[in-house]
Amino acid sequence: MSPTYMTFDDLKKALEESGRGYNMENITKAYELANTAHADQKRRSGEPYISHPLNVAKLLVELGMDSESVEAGLLHDVVEDTAVDLPTIESKFGTGVMHLVDGVTKLTKMQFSSVEEQRAESIRKMLLAMSQDVRVMIIKLCDRLHNMRTGDAWPEQKRRDKALETMEVYAPIAHRLGISNIKEELEDRSLQFLDPVGYAEIRNLLDQKNGEEFLKNISAVIQKHLEENGIHDAHMKSRVKSVYGIYRKTYVQNRSFDEIYDIYAVRIILDTVAECYNALGVIHDMFHPIPNRFKDYISTPKPNMYQSLHTTVIGHEGIPFEVQIRTKEMDQMAEYGVAAHWKYKEGIQGKTPLEERLAWVRQLLESQRDSTDAGDLLRDIKSDLLPEEVFAFTPKGDVITLPAGANVIDFAYAIHSAVGNRMVGAKVNSHIVPIDHKVVTGEIIEIITGPADKGPSRDWLKMVATSQAKNKIRTWFKKERREENIQQGKEAFEREMRRNFINLPPEKVESFAAELARRNRMNSPEEMYAAIGYGGLQMSRVTAKMKEEYAKLQAAEPKPVTLEDVPVKRHHSSEGVIVEGIDNCPIKFAKCCSPLPGDEIIGFITRGFGVSIHKRDCTNVQASMKDPENAKRWVKASWEDSVQEQFNASLEITALNRDGLLGDITAAFSDMRVPIYAMNARQVENHKAVMNITFGTANTEHLNNVIARLRRIRDVISVVRN
Ligand code: MN
């Protein structure tokens, strides 16, 4: 295809030949508007300007794009170069066409030349993101292709700049969208400008080899064999590798011409995938396959949706060539990529909403999730279409890539930490914006900076979206504000202790903090406080260890003795009571139940007054044990075997009152040599008398003897301990 002086009749012919139902009325209207608007403009080559949009529109028809795209192709330069504005386009052609023209105009304003690879990648992504509707990019690619075809008329410098930009930005985008024809032509035409000598060298070699003739013959042989093996209706295509493709392998990968096995390729297009694999077998029977050259892109498609079987074989003339086998659908995808959607699936008038079109592309990308080598690229394409990233410019035109949701502070730190640290404000497209302004793709952002020692604000840590900015802010605080950080960190640390009810005497806090510092791999409490202060150490990471250390400290404190876990170790005491686990502590007997040797007893560790001994069934004991605080203080206790001391015991004697009763009772005590310490007697109803006697006894056995003796006294009804 060579640059042609084109007329609307030529375009109409192409539209008719496509055999598809284009909206001729609107396309004619678009042509007329463009023709009038560009009427007094000429291209550098001297042609009327309208021939350029006509050519772009024709390329779009050849790609199979829809009516709106063709209309927008005709109108793509009017907003930029003429008095026609977007509202006019919208009113005459609808919102769809207006958006396409607007998108292309925006892309046209972006100009890049000679960028390093990393920046080129951001630019490619940015342009795709800005396109939103993938048709915008396809129109832009056709625009660029026609400009490259007519680039001879450009001055030397412009030619070089455009060629570089095409090579670095637009050809890779065409590749990513899978539009291989446009990609290859863009590369070849760029190379022709960038390295005319290298281009000519390869071109000549290819011309000498007469590859077309070779391919024609071999195709016929293959088709005949396929027929013989029952594979009918094979559609044969062939291609000679692009000049740039060979250039890359010879110049960049330093291979000789003969080491390139895929200069010639025969393409076999079949109906079904099964036929594809059968045909592969036939090919391998016919020719000698070169080892390790078979690639199954049908089961594992390339990231740009390309599917095909590839194998390289050596023909009877000793010339290696590649055989590509695929179905019709795969072939359409290989040639037209994303554009195949309009060419083969949607029809010309297809008024599918933008979302639906994007959904279709997304679905295609999703379906390739399984392909293992596609990982990174796939993610890139996905983020192009479902923007997870935003792209903005510095006033100098550098592109800054940020995750969606990033704000101008992130932008400042993405430029340089010094810019971020000195930032006092920001302008977007020359207007001051709030400091948390979220970056939108395409914005030109100027960071306003203050004095060098200004420094970031701590609040920014909560505002920024990128870890890069966060780290840089922390680094600043770490370096510049050590004292302040220590202070802030110490306060936060102590606050956290209080929050967790960790109470330590002040003299213990230092060693407590030192232990925690060690566990967080810090050399000192100060270092830990500083890290907490500038945010390098999350408090949440300290808290768990803080609780652990406190629990350890608690465990080391003397613990209250419990009934269960005290080792059985008997100690004597002067009162004849053994309290387990406690050595020579003061013992006293509870007044409430006055236990006696032989009673089942239990000890209560008082707070500072030794152990008090109760009867096991004392009601106070039962009540006290229900209190968890006290329960721990009850300890096992028992009587020593030889208790010599006297104990006080109390008895209540009930008897029928008569003369001489009291005398009989006191006489009994006297007979048993039991001293009476206190006595109270009174008459109750029914001529009964009740006596309470407190006396000394040695042990329970002795007491029981006393009780038995008293019960034998005449008229005594009952004798009970109290
Ligand atoms: Mn143009």
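In listed order, ligands and their atoms are each counted from 1. Just so you know, residue 1 is the first one in the sequence shown, and it goes up from there. Bear in mind the structure is a predicted one, so any value in this text is a computation, not a measurement.
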- Message: Tell me whether Glu259 is salt-bridged to Lys249, with the criterion being a basic N under 4.0 Å from an acidic carboxylate O.
- Response: no
- Would you check if Leu75 and Val97 make a side-chain contact, meaning some heavy-atom pair closer than 4.5 Å? yes
- What protein N/O/S atoms lie closer than 2.8 Å to the Mn ion (ligand 1)? His52 NE2, His76 NE2, Asp77 OD2, Asp143 OD1
- Looking at residues at least two apart in the chain, or sitting in another chain, which of them share a side chain to side chain contact (heavy atoms under 4.5 Å, CB included) with Gln157? Arg160, Asp161
- Note on the structure: Sorted by chain and number, sequence neighbours left out, ring-ring contact (aromatic ring centres under 6.0 Å, His included) with Phe93 holds for none
- Task: Name all pairs fulfilling the ring-ring contact (aromatic ring centres under 6.0 Å, His included) condition that reach into residues 55-82, sequence neighbours left out, sorted by first residue then second.
- Result: His52-His76
- Relative to each other, are the rings of Tyr306 and Tyr297 parallel, tilted or perpendicular (30° and 60° limits)? perpendicular
